[in-house]
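In what follows, a single structure is set out as structure tokens and then discussed.
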Amino acid sequence: MHDIVTNSTIKTLELPASSPDLSADDGGLAMHEFAAELYPICRSITGDGVRKSIELIGRYIPLTTCEVPSGFDVFDWTVPLEWNIKDAYVKNSAGERIVDFRRSNLHVVSYSVPVHRRMDLRELKEHLHSDPAHPDWIPYRTSYYSPTWGFCLPHNQLLALPDDEYEVCIDSSLAPGHLTYGDLRVLGQSSDEVLISCHVCHPSLCNDNLSGIAVATALAQRLSRMNLRYSYRFLFIPGTIGSIAWLAMNKAHVSRIKHGFVMTCVGDAGAPTYKQSRRGDAEIDRAWKYVLGQAGEAFDIRPFSPYGYDERQFCSPGFNLPVGCFMRTPHGEFPEYHTSADDLSLVRPSSLADSLAKALAVVDVIEHNRSYLNVKPYCEPKLGKYGLYGTIGGRSAGEYQMALLWLLNMSDGDNSLLDIAARANLPWETIKQALRVLCLAGLLKPAD
Ligand code: ZN
């Protein structure tokens, strides 16, 4: 799908002979360990940190790496210069590194231009960022599109800085290079696609960025071993500019995308949250609502808004794709958001495992959702003739018997299995089991 861009580079990574299974039934431990491996890498919207992260993801799934050159126009945007950084510090007059990039990559404003000179405290403070609301945490700041430099540090440390002559150094480079992203297509029977996307552009932030990467990689691994109806397109992209670049290069093909969701912040202890696509009632929106509702635990459904992650681009009016966003606690609603406290302790293996399970449940709904026709629609068929009588007519009917009745009543070719399951408030497995039996008995047949 990328060959329309002749000056971008595409390379498919070789999958190691045996790669650990991130989707293993281990309570999310393998996914958490993968997040820990990615955690120290200094990522941004371009540069070697993204490249290294894509390479590590490529150890689990046969990812294709795409490199889009700086200066390439993508809709209203231009792929920026590539940013890389080797080191950065603020030293006091005694030569001590009082702010040190090597201790946390969050200390440097992402996309800082290079600088190396001495200055007094007053001038230094113009380039320091802190968060008084959380005075012990390092905030995360970026300046992608206006050339400046800066350091981030705990507010308490900033307040305690003495008058001194400071040496500041940011050993960074901003030069023509590439925007890097990873792309994987898991083939199913149909060329129609389900899009699953996550961002790979944040440095050492765990829930916001690494949790989505870990769960998406595990999901891709699991789907690669299944017989699928749809093909699945996994994107590991820098936020905003990455999805804009991908959409620009794949504009002619996006009509293949029938369903999709962005995954982010899927590792904290909060309840599952699904943000609807711009359409609001797309099949993917209804599938997520049904799956979260069936779990019998707290959950939240949010309407679409044009603020958030890359669903903003996928749901821009020219595309209006059926793509929502799956999260636990939404961005900006957990105190650790965009600070050094969004670390490996905020992300729980059990939450990663639950997020993967929910995503797999949604995939199962999408894979099997079809409309059927009742072959004997005039009054109820006499179920005893087919050995399906069960307890109906005696005591209250169980879920399985109710699923038989709902499927027979609602299968008029218009209602899909998901419509029926949601309306009847019955578990998906029960609906699938009743469907199999009714099809075998010759009472239901596919509508198409
Ligand atoms: Zn973020």
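When a ligand or atom number is given, it counts from 1 through the structure's own listing order.
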#### Entry: Under 2.8 Å from the Zn ion (ligand 1) - protein N/O/S, by chain and number
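Hits for the Zn ion (ligand 1) below 2.8 Å: His202 NE2, Asp208 OD2, His338 NE2.
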### Task
Return the orientation label for the Trp288 and Phe261 ring planes: parallel under 30°, perpendicular over 60°, tilted otherwise.
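Correct class here is perpendicular.
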### Task
For the pair Tyr337 and Phe334, name the ring-plane relationship: parallel under 30°, tilted 30 to 60°, perpendicular over 60°.
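Plane angle over 60°, so perpendicular.
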More than 12 non-hydrogen atoms from neighbouring residues, nucleotides or ligands closer than 6.0 Å to [atom1] on [X], yes or no?
X: Arg278; atom1: CZ; answer: yes
X: Lys432; atom1: NZ; answer: yes
X: Lys91; atom1: NZ; answer: yes

### Message
Looking at Phe304, I'd like to know if the NZ or CZ of Lys275 sits under 6.0 Å from its six-membered ring centre while staying within 45 degrees of the ring's axis.
### Response
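The answer is yes, since Lys275 meets both limits relative to Phe304.
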